[in-house]
Structure formats: C-alpha cells, structure tokens
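Okay, so here's the structure we're looking at.
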Amino acid sequence: MPQRYFFRLVHAETVIEDTTGVVADDLDQALVEALAAIAELRTEGELPGDAGDWQLEIKDEAGILLSTLHLD
C-alpha cells in the first residue's frame, strides 16, 4: 500500500526538512525518488557536485528513519 516518505538533507549543523514528501509504493521506490531529487538539486546548483559530507535521510510518516544515503 502506498505511503508518504519524507526526505531530510543533513550536513554538520545544517538540516533541510522536506515537509511535502513523496508517495511511493515501498522504500525501494522512495529511494528512486530520493536519487532523482539529489540529481535535480545538483543540476540546479543547490547541492555541490562533491557533497561527501551531506546525507539524505528517508523517513516515514511517523518520523521513523528508514534509510540514509551518503551523498559522495
């Protein structure tokens, strides 16, 4: 059953919260959406190409951390 997943960019003391989220069938689909969001941020220049210190967290509607992607 589809559910809403939220992304959170984290770097040292900087946190960028996603308050909208995406609806996906499962965590695998949410990961695909997360990778697309990362690519878009890089294309728009909002995320440096070398973002090795950044992480993208994926949480469910309850705020439970499901996965963390290291952006290196």
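These values consider heavy atoms only, across backbone and side chains, with no hydrogens, waters or symmetry-generated copies.
Within the structure, the salt bridge (charged side-chain N to carboxylate O under 4.0 Å, His left out) test picks out the following pairs touching residues 15-26 (sequence neighbours left out): R8-E17. For residues 16-46, the set of pairs meeting the ring-ring contact (aromatic ring centres under 6.0 Å, His included) definition, not counting sequence neighbours, is empty. Judged as a ring-ring contact (aromatic ring centres under 6.0 Å, His included), the pairs with a partner in residues 10-42 (not counting sequence neighbours) are, in order, H11-W54.
Summarising the geometry, atom CD belonging to E33 is positioned 11.5 Å from atom CD1 belonging to I38; distances are rounded to the nearest 0.5 Å. Rounding to the nearest 0.5 Å gives a distance of 11.0 Å between NE2 of H70 and CG of D53.
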Worked check of side-chain contact (heavy atoms from CB on, under 4.5 Å) between V22 and F7: CA-CA 9 Å; V22 298; F7 305 140; 3.8 Å; yes
Criterion side-chain contact (heavy atoms from CB on, under 4.5 Å) on Y5 and Q29, from CA distance to verdict: CA-CA 10 Å; Y5 295 88; Q29 185 181 7; over 6 Å; no
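Shortest non-hydrogen contact noted between A30 and A24 is N-CB, 3.8 Å. Taking each heavy atom of T68 and Q55 in turn, the nearest pair found is CG2-OE1, 3.6 Å.
Side-chain contact between V15 and L9 is absent, with no heavy-atom pair separated by less than 4.5 Å. Counting only heavy atoms from C-beta outward, the side chains of L31 and D28 approach each other to under 4.5 Å. No side-chain heavy atom of E57 sits under 4.5 Å from any side-chain heavy atom of F6.
Put simply, V32 and V23 are part of two different groups of oily side chains (I, L, V, M, F, W, Y) that touch within less than 4.5 Å, one to the next. In terms of hydrophobic clustering, with Ile, Leu, Val, Met, Phe, Trp and Tyr side chains grouped at heavy-atom distances under 4.5 Å, V10 and L66 are assigned to different clusters. Under the 4.5 Å side-chain heavy-atom criterion for ILVMFWY residues, a single connected hydrophobic cluster contains both L69 and I16.
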